[in-house]
Enquirer: 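Sending over a structure as structure tokens; questions will come in a sec.
Predicted, not measured: the structure shown is a model, and the values here were computed from it. FYI, side chains are in, hydrogens and waters are out, and symmetry mates aren't considered; it's all heavy atoms of this structure.
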Amino acid sequence: MTAQDNSRAPVADQAAVRDVQDRITGGYYVPGAKLTLRELSASSGHDFSALRGALDHLTTTGLVTSRGRVADPRPGYRAERAKALLSGMIERGAWPAGTALPARLVLGRLLLTEPAHLTQALVALADEGVLRMEPKGPPRVLPAPADSPARAPWPPGEKEVLDALPSKTLPGAAHDAGSLHLVAHAVRERYKDGVCLPSEAMTLQEGRQAETVHRLVTRAFVHTSGHAPTRFTTVRSTAAQVMACHALPRTGPLYERLYRLATLATALAHLADALAAPAVRRVHVAAASAWPIHAPEKP
């Protein structure tokens, strides 16, 4: 190696350090994600040697763990996030008072959270009087406290639904249950892999997902309005879950936007399943013209 090559090596290493650090601090990786040389090389353009040196350096700063994973700056946050999302679903009427929550395996998949974090979230909601932990079986939802608004099965009034729906959407999304399950699986797997979509691609997917939210929630409103709360309970529950996921922020780190995309995709697939039930389809044919909920303007 020449003297000129020696002088360039530290510069290349510093460039690799900066590029990997920028991707981590920019939220491209879910905390806890395993960093691989192949993905880092494809995304940054640096060779494996420079990237090994960059990871060694970032380990000393605390951004990367000794096992090559992205360090989690807020270890308790995942349990807090699961608690907030589950609470939002309950407040929107996904599970009325006295109703048992789904099994933990189903709930963990819906909230996209690990068993330990799910347990922490459930215990915290029980401590707040939202849930009652059962010795056998899943927790049950308790009535709202006396100083809080009473919870009612979904849906709220037409104005509340319209106000909550996305105002801007992008066409091009599929709305059938089969396609939505494929989308949900793909987005959940990406979240588990820990590597986010680029910001532009994320924005495109969010716009298309907003179109799906508008279509399916509008259908759910048509199906359930004017019927007893005991009818179409699966449609009501899944629609409330969709609206809680839709209310998650679309700002912040990319991995938070990916979490919203994944949980909302899962809830939308479940709502599509509920709307495909034969009894629900018959109601839709009879009532489709009764509610003037129109699609929003496309940007």
Enquirer: Taking the side chain as every heavy atom from C-beta outward, state whether Pro155 and Ser225 have any pair of such atoms under 4.5 Å apart.
Expert: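 Yes; the side chains approach each other to less than 4.5 Å.
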
Enquirer: Examine the side chains of Thr119 and Arg104 and answer whether a donor and an acceptor come within less than 3.5 Å of each other.
Expert: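 Yes - a donor-acceptor pair under 3.5 Å links their side chains.
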
Enquirer: Please list all pairs meeting salt bridge (Lys or Arg N to Asp or Glu O under 4.0 Å) that have one or both residues in residues 28-48, counting only residues at least two apart or in different chains.
Expert: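 Residue pairs passing salt bridge (Lys or Arg N to Asp or Glu O under 4.0 Å), neighbours aside: Arg23-Glu39.
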
Enquirer: Tell me, which pairs form a salt bridge (Lys or Arg N to Asp or Glu O under 4.0 Å) where one or both residues lie in residues 172-188, sequence neighbours left out?
Expert: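 Of all non-adjacent pairs touching residues 172-188, none passes salt bridge (Lys or Arg N to Asp or Glu O under 4.0 Å).
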
Enquirer: With a cut-off of 3.5 Å and sequence neighbours excluded, list every side-chain donor-acceptor pair involving residues 239-251.
Expert:
| unit_1 | atom_1 | unit_2 | atom_2 | d |
| --- | --- | --- | --- | --- |
| Gln241 | NE2 | Ser237 | O | 3.4 |
| Gln241 | NE2 | Ser237 | OG | 2.9 |
| His246 | ND1 | Arg260 | NH2 | 3.2 |
| His246 | NE2 | Ala164 | O | 3.2 |
| Arg250 | NH2 | Glu206 | OE1 | 3.4 |

Enquirer: Extract all donor-acceptor atom pairs below 3.5 Å that involve side chains of residues 105-114 and protein atoms in other chains or at least two apart in sequence.
Expert:
| unit_1 | atom_1 | unit_2 | atom_2 | d |
| --- | --- | --- | --- | --- |
| Glu114 | OE1 | His117 | ND1 | 2.8 |
| Glu114 | OE2 | Arg78 | NH1 | 3.0 |

Enquirer: CG of Leu165 to CZ of Arg215: how many Å apart, nearest 0.5 Å?
Expert: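 It is 13.0 Å, given to the nearest 0.5 Å.
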
Enquirer: So, using side chain to side chain contact (heavy atoms under 4.5 Å, CB included) as the criterion, who are the partners of Ala42 when residues are at least two apart?
Expert: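 With sequence neighbours excluded, Ala42 shows a side chain to side chain contact (heavy atoms under 4.5 Å, CB included) to no residue whatsoever.
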
Enquirer: Does Ser41 have any side chain to side chain contact (heavy atoms under 4.5 Å, CB included) partners at least two apart in sequence or in another chain, and if so, which?
Expert: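 By the side chain to side chain contact (heavy atoms under 4.5 Å, CB included) rule, Ser41 matches Phe48, Leu51.
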
Enquirer: Could you check if a side-chain atom of Arg52 sits within less than 4.5 angstrom of a side-chain atom of Leu37, using non-hydrogen atoms only?
Expert: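 Yes. Closest side-chain heavy atoms under 4.5 Å.
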
Enquirer: Is there a side-chain contact between Thr59 and Thr65 (heavy atoms, below 4.5 Å)?
Expert: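 No. Closest side-chain heavy atoms not under 4.5 Å.
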
Enquirer: Can you list every salt bridge (Lys or Arg N to Asp or Glu O under 4.0 Å) pair that touches residues 57-67, not counting sequence neighbours?
Expert: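 Residue pairs with at least one partner in residues 57-67: there are none.
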
Enquirer: What distance separates His270 NE2 from Thr266 OG1, expressed to the nearest 0.5 Å?
Expert: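 Answer for the NE2-OG1 pair, His270 versus Thr266, is 6.0 Å.
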
Enquirer: What is the distance from atom CG of Leu58 to atom CG of Leu35, rounded to the nearest 0.5 Å?
Expert: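 Here the interatomic distance stands at 9.0 Å.
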
Enquirer: Could you give all pairs that pass the ring-ring contact (aromatic ring centres under 6.0 Å, His included) test and reach residues 51-99, with sequence neighbours left out?
Expert: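 Of all non-adjacent pairs touching residues 51-99, none passes ring-ring contact (aromatic ring centres under 6.0 Å, His included).
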
Enquirer: I'd like to check the side chain to side chain contact (heavy atoms under 4.5 Å, CB included) partners of Pro96; sequence neighbours left out, ordered by chain and number.
Expert: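 Residues passing side chain to side chain contact (heavy atoms under 4.5 Å, CB included) with Pro96: Thr99, Pro153.
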
Enquirer: So do the side chains of Leu55 and Leu40 get within less than 4.5 Å of each other, counting heavy atoms only?
Expert: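 Side-chain contact under 4.5 Å: yes.
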
Enquirer: Quick check: do Leu197 and Leu254 have side-chain heavy atoms less than 4.5 Å from each other?
Expert: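 Result no, sub-4.5 Å side-chain heavy-atom pair not found.
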
Enquirer: Is the closest side-chain heavy-atom distance between Ile90 and Leu131 below 4.5 Å?
Expert: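 They are in side-chain contact.
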
Enquirer: Charged N to carboxylate O below 4.0 Å: is that the case for Glu134 and Arg132?
Expert: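 Result for this pair is yes, salt bridge flagged.
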
Enquirer: For Asp193, enumerate each residue passing the side chain to side chain contact (heavy atoms under 4.5 Å, CB included) test, keeping only those at least two apart in sequence or located in another chain.
Expert: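 For Asp193, no residue satisfies side chain to side chain contact (heavy atoms under 4.5 Å, CB included) once neighbours in sequence are set aside.
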
Enquirer: Does anything in residues 80-89 pair up under side-chain hydrogen bond (donor to acceptor under 3.5 Å, both in side chains), and if so which pairs, sequence neighbours excluded?
Expert: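 Every side-chain hydrogen bond (donor to acceptor under 3.5 Å, both in side chains) pair that includes a residue of residues 80-89, provided the two are not neighbours, is Arg81-Tyr191, Arg81-Glu256, Lys83-Glu128.
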
Enquirer: Tell me which pairs pass ring-ring contact (aromatic ring centres under 6.0 Å, His included) where either residue lies in residues 146-187, with sequence neighbours left out.
Expert: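 Listed by first then second residue: nothing to list.
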
Enquirer: Calculate, to the nearest 0.5 Å, the distance between atoms CG and CZ belonging to Leu261 and Arg190 respectively.
Expert: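 It is 10.0 Å, given to the nearest 0.5 Å.
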
